[in-house]
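Everything on this sheet refers to the single structure shown next.
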Amino acid sequence: ALLDVPLEISGLSKRYHGSTERYAVRELSFRVERGQVLGLLGPNGAGKTTTMRMMMGLIRPDAGDIRIFGRSVRAGASVLSRVGAFVEGAGFLPHLTGRANLDLYWRATGRPAEDAHLTEALEIADLGDALDRPVRTYSQGMRQRLAIAQAMLGLPDLLILDEPTNGLDPPQIRQMRSVITRYAATGRTVIVSSHLLSEVEQSCTHLVVMDKGQLIAAGPVAEITGGGDLMSVGVEPM
Ligand code: ATP
């Protein structure tokens, strides 16, 4: 049963070196069920990126545990093969096409090429003709969509997206939202962070609201947006 739970976080804490009293993340616990689209919401500095980087196994927690499909992230990288991740500033080779970049990336992961999965991921990402153009010709929005496509390759059971709409304009934000919705429609689980409720409330089924490293509220979207919890932490309701 626990092996069916995409993500379970318990008592998670993290302080960065040099910051002795301030917790980036403090005693954070929540759980994400299969098929949910979870929005991790909070103002700048709330601890979203730190939380996501711990989920991805990129930084170590000081305390607490993260279980992905029942297995602790601490135990090693094996469970991370079921995770696709987007973080800001993914590097691409500018003179190669988007497709060639994705192909290189996929081969570097050493995972078997399940052609149907690769094709489906590219359809969901909806890059169109741009896929066959050099990345140096891409707009910021296109680069970000390519990075999202990269995270989706192989259709991971858990997709973790750290502020995928950062720096995008409203049409690009809408596009990003529909990519997330299409991915979720495959029945897989998505976690997406944002500091704007308006960006996540339509595409998410559940929300976890953080402020100053701590959990402020968690539950189904309608439950959270119906309460007064969001205004108090400065998350913009519109
Ligand atoms: P943002 O939306 O601005 O990315 P966030 O919610 O993702 O914010 P984090 O980036 O996780 O928040 O930051 C949480 C806290 O940890 C902040 O106070 C931040 O200044 C601090 N912090 C983040 N990275 C480091 C680091 N490498 N060294 C020291 N402190 C850090």
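All residue numbers refer to positions in the sequence shown, counting from 1. Keep in mind that this is a model prediction, so the values were computed, not measured. Each ligand, and each atom within it, is numbered from 1 in the order the structure gives.
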Going by atom types alone, do Thr186 and Arg188 pair a side-chain donor with an acceptor below 3.5 Å? yes
Tell me which part of Arg22 gets within contact of ligand 1: side chain, backbone, both or neither, using heavy atoms under 4.0 Å. side chain
Any donor and acceptor pair, going by atom type alone, linking the side chain of Ser10 with main-chain N or O of Gly64 inside 3.5 Å? no
Applying a heavy-atom cut-off of 4.0 Å, say which part of Glu163 lies close to ligand 1: side chain, backbone, both or neither. side chain
Is it true that the side chains of Glu223 and His206 contain a donor and an acceptor less than 3.5 Å apart? no
Take every heavy atom of Gly42, measure it against each atom of ligand 1, and state whether any distance is under 4.0 Å. no
If you group Ile, Leu, Val, Met, Phe, Trp and Tyr by side-chain heavy-atom gaps below 4.5 Å, do Val73 and Leu28 land in one group? yes
Under 4.0 Å from a heavy atom of Pro43: which atoms of ligand 1 are those, numbered in the order shown and with their elements? 6 (O)
Name every donor-acceptor pair, under 3.5 Å, that has one atom in a side chain of residues 215-222 and the other anywhere in the protein, sequence neighbours excluded.
none

Using distance alone, determine whether Gly45 and ligand 1 share an N or O pair under 3.5 Å. yes
Going by heavy-atom distance to atom 13 (O) of ligand 1, choose the closest among Thr49, Thr50, Ile59. Thr50
Hey, which of Val208, Ile68, Leu7 is the one that makes side chain to side chain contact (heavy atoms under 4.5 Å, CB included) with Val32? Leu7
Distance filter under 4.0 Å to Ala46 heavy atoms, resulting ligand 1 atoms: 5 (P), 6 (O), 12 (O)
